[in-house]
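Just dropping this structure here.
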Amino acid sequence: MSDPGLSHPGLARLVLAHTKVQLTEQRRIPIALVASTFFPAVAMLAFVVPNVEGAVAATVATASMVLFATMSSAMMGLGIGVAADRELPWDPYLRTLPAGPFPRFAARILTFMVIALISVVPVVVIAWLFTDATITPVRMLLGVAALMATTVPFMLIGLFIGYLLPSKAAIAVSQLLFFPIAILGGLLGNPMDLPAFIDVVAPYMPSRGAVQLIWLATTDVPTQTLPIVMLGVWTVVMGLLAAWAYRRDEGRRFS
Amino acid sequence: MTVLARTVEVTRRYGEVLALDGVSLDIRQGELVGLLGPNGAGKSTLINLLVGLRRPTSGRVELLGGSPADPAVRRGIGVTPQETGLPQALRVGEIVDFVSAHFPEKTDKAELLARFGLEDLVKRQVGSLSGGQRRRLGVALAFAGRPRLVFLDEPTTGLDVEARRALWEGIRAFHAEGGTVLLTSHYLEEVEALARRVVVIGRGRVLADDTVQAVKEIVGVRRVSFGADTLPDLPGVLDVRREDGRFHLVVSDSDALVRELVGSGVPFGGLEIAPTSLEEAFLALTASEAAHV
């Protein structure tokens, strides 16, 4: 549907206005940011620092933990945030503004990416200070790009949960899903020496494909094709499910 | 006169519940229309259809010559958020800027805030505002984008008299400049103070669409109850119930009814006359309509 009018206040300006408001809200309620930053930093100190030795293993483990951090804010943060927002009377008001759903959706993703980047910083600092991990600046940039790309399916899982469920259920379900996805994908413990069961399941988990893509960008560790293909499958399936949940929500909200 | 918003035979169902039942309504340019009805009558559903939050189950909704589902069409309208929904962490000025960013033409921020008595609160976070201040901010947001048509859903519920008058002044000023307003309320006084035309909605249907004066006469019905064995033929009775040997009548003219009752010679006792609530009056109106159809 062509809408010449949408270019008048400018789509980019609307995305900017929505992103600004969402970031401002995040900044004023910093506890959410503290939680999403604190959690992976503690996991890093508890699981990686005491257990991992050697430059390659430490870099690989750090990359895994960085993914762990963004996964948690993508799935839990986005899922719970969307579900909670939907329950506020502000949400139907926003839908009466002349914007359409895109600026808000884009703003959510941009805001999320900013938070994800921030929550990665402590993990990288801990790796630099307390482990043998090493990385070149180019690989670091590649890694950040890979990270942003691989969080898409997890954002879609978060959006799916957020649009499907009320906020209390979204809190429980996103946690219930997050830990199995992280553990079965081999993100916890030594990624080079997975327990037998996890070794079988891991290639089919989106977390495995994501972490392999990040290893590919940041290290010389050999990677498999299957998990990365599966990551693509997860992205498509979750995209369809998130779109379905979004449409369903539009129709049901005030019943 | 140009029609800014129109519903044609609009029906809206929520599962088994019929929220709107064949509603046809025109809102013309320059009108200030009060939409009156008890809770659950279908007022909010009607507004939701007009502002594009809902689609009708059947029938047609037009807004500013287009569809309310089209964001470009919605540039010409202003809507009020519920005051409980305003983002707590944002400042008053930030919310006004954010809403204004959606519109090609904007009301000057200082002027908008002054019109609703919010000029000293620009830097305040919404979480620190009183209920009345939030309500005024919510109403102010409806005017941020220089709309042609404004929808105000229960704008003054829960406000004290002074805040209510200040809000009314803001709404009147907009109307005086040629703006069109559709206002919902369950207070007749509020509609009376602002609107010329009143649309009464009950059980999803338009019960009356008339001047304030005409609707006031309908709403001026009384409840008359007395104990008697039989009920004589009486004028202007809208509703009859019999309970524990007493008749409860909803009537349009209680004086005339009592004269007739005495004149009929039927023995009665324990006569009571009480004003009805708006809701009772609406229900009586619905009931009488059903009886005559």
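Order of the sequence lines sets the chain letters (A, B, ...), proteins ahead of strands, with each chain counted from 1.
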* **Heavy-atom closest pair, residues B/L53 and A/P92** => CD2-O, 3.3 Å
* **Top of B/V73, B/V51, B/D97 for chain A proximity - count of heavy-atom pairs under 4.5 angstrom** => B/V51
* Shortest non-hydrogen contact from A/E25 to B/L90? -> CG-CD2, 3.8 Å
* Structure fact -> Rounded to the nearest 0.5 Å, the OG1 atom of A/T96 sits from the CG atom of B/L50 at a distance of 12.5 Å
* **Value rounded to 0.5 Å, distance of NE2 in A/H18 from CZ in B/F98** => 4.0 Å
* **A/M148, CE atom: more than 12 neighbouring heavy atoms under 6.0 Å** => yes
* Heavy-atom distance under 4.5 Å between the side chains of B/V99 and A/Y93, does that happen here? -> yes
* Given that the side chain runs from C-beta out, which part of A/L97 has a heavy atom under 4.5 Å from chain B: side chain, backbone, both or neither? -> both
* **Selection from A/R28, A/K20, A/E87 maximising heavy-atom pairs under 4.5 Å formed with chain B** => A/R28
* Structure fact -> Of B/A89, B/G78, B/A19, B/G145, the largest count of non-hydrogen pairs under 4.5 angstrom with chain A goes to B/A89
* Asked: For the atom pair NE2 (B/H102) and CZ (A/R13), what is the distance rounded to the nearest 0.5 Å?
  -> 9.5 Å
* Any idea which heavy atoms bring A/A17 and B/A101 closest together, and the distance? -> CB-CB, 3.9 Å
* Pick one of side chain, backbone, both or neither for B/T80, based on which atoms fall under 4.5 Å of a heavy atom in chain A. => backbone
* For A/R95, does its backbone N or O pair with a side-chain atom of B/R74 as donor and acceptor, under 3.5 Å? -> yes
* So what's closer than 4.5 Å to chain A heavy atoms on B/R91: side chain, backbone, both or neither? -> both
* Within a strict 4.5 Å, meaning less than it, do heavy atoms of the B/I95 and A/W90 side chains meet? -> yes
* Asked: Is it the backbone or the side chain of A/L16 that comes under 4.5 Å from a heavy atom of chain B, or both, or neither?
  -> neither
* Closest non-hydrogen atom pair between A/A99 and B/P71, with its separation -> N-CB, 3.9 Å
